[in-house]
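For reference, the structure is listed below as structure tokens.
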Amino acid sequence: MDNFSLERNGANLILHISEELDHHAAAQISKTVDVMIEKGSVKNIVFDFKGMTFMDSSGIGMVMGRYKKMNYCGGNVYVTGVGAGVDRIFSMSGLYKIIQKVEA
């Protein structure tokens with residue numbers, strides 16, 4: 001069962017994540033996105049969290065890991081569709097200091 005889908009828009013990779021972002025989903029997403037980053041064709045990653053109901057610390061780690069990879073490659077990471085619960089997690093963890101929230 002996949003709870004995420006990928007969309008390419010030029011050099012942008014948009015990940016639509018729904019339902020739960022737990023350690024299983026985070027590992028699956030990391031693996032999929034890393035392959036695309038390593039191919040060198042991704043300049044920006046947008047995590048679309050609209051419809052997501054749960055995220056644990058592995059979700060934070062997954063976002064951070066993709067940020068580090070993209071930062072190394074000269075790319076950027078953005079988040080959109082952030083609900084109140086995830087917004088609080090991002091604020092408390094300090095992710096907003098390095099990752100920009102954008103409106104869809």
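What you are looking at is a predicted structure, and each value in this text was computed from that prediction instead of being measured.
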Worksheet item: So if you build clusters from Ile, Leu, Val, Met, Phe, Trp, Tyr with side-chain heavy-atom gaps below 4.5 Å, do Phe54 and Val63 land together?
Response: no
Worksheet item: Does some side-chain heavy atom of His23 sit less than 4.5 Å from a side-chain heavy atom of Met62?
Response: no
Worksheet item: Taking atom CD1 of Ile17 and atom OG of Ser5, what is their separation to the nearest 0.5 Å?
Response: 9.0 Å
Discussion item. I'd like to check Lys50 versus Thr80 (side-chain heavy atoms, cut-off strictly below 4.5 Å). Are they in contact?
Written reply: no
Worksheet entry | Derivation of the side-chain contact (heavy atoms from CB on, under 4.5 Å) call for Gln100 and Val77 | CA-CA 7 Å; Gln100 186 178 347; Val77 174; over 6 Å; no
Discussion item. Between Ile29 and Thr32, does the side-chain contact (heavy atoms from CB on, under 4.5 Å) criterion hold? Intermediate values first, please.
Written reply: CA-CA 5 Å; Ile29 293 168; Thr32 303; 5.8 Å; no
Item to complete: Spell out, yes or no, whether Val46 and Met64 are grouped together once hydrophobic residues are joined by side-chain heavy atoms under 4.5 Å, including indirect joins.
Response: no
Discussion item. What verdict does the side-chain contact (heavy atoms from CB on, under 4.5 Å) test give for Cys73 and Lys43, after you've listed the backbone C-alpha separation in whole Å, the side-chain angles of each residue and the deciding distance to 0.1 Å?
Written reply: CA-CA 8 Å; Cys73 299; Lys43 289 292 172 209; 5.7 Å; no
Worksheet item: Are Val79 and Met36 grouped together when hydrophobic residues (ILVMFWY) are joined by side-chain heavy atoms under 4.5 angstrom apart?
Response: yes
Worksheet item: Below 4.5 Å, heavy atoms only, C-beta onward: do Tyr78 and Ile45 meet side chain to side chain?
Response: no
Discussion item. The criterion is ring pair (Phe, Tyr, Trp, His ring centres under 6.0 Å); which residues satisfy it with Phe90, sequence neighbours excluded?
Written reply: Phe49, Tyr96
Response to the item:
Taken to the nearest 0.5 Å, the spacing of Leu6 CG from Ile14 CD1 works out to 10.0 Å
Item to complete: First locate atom CE of Met92, then atom CZ of Arg88, and finally report the distance between them rounded to the nearest 0.5 Å.
Response: 6.5 Å
Fill in: Closest non-hydrogen atom pair, Ala26 against Ser58
CB-O, 3.6 Å
Response to the item:
Here the gap from Phe4 atom CZ to Glu19 atom CD, rounded to the nearest 0.5 Å, amounts to 13.0 Å
Worksheet entry | With sequence neighbours excluded, residues passing side-chain hydrogen bond (donor to acceptor under 3.5 Å, both in side chains) with Ser30 | Arg66
Worksheet item: Taking C-beta and beyond as the side chain, do Leu13 and Val33 meet within less than 4.5 Å on heavy atoms?
Response: yes
Worksheet item: Listed by chain and number, what are the side chain to side chain contact (heavy atoms under 4.5 Å, CB included) partners of Ile89, not counting sequence neighbours?
Response: Met55, Ile60
Practice prompt. Check step by step if side-chain contact (heavy atoms from CB on, under 4.5 Å) holds for Val42 and Met70.
Written response: CA-CA 8 Å; Val42 176; Met70 290 307 294; 4.0 Å; yes
Worksheet item: Does the Asp56 side chain pair with the main chain of Asp22, one donor and one acceptor, at a distance under 3.5 Å?
Response: no
Worksheet item: Can you tell me how far CG of Asn76 sits from CD1 of Ile98, rounded to the nearest 0.5 angstrom?
Response: 11.5 Å
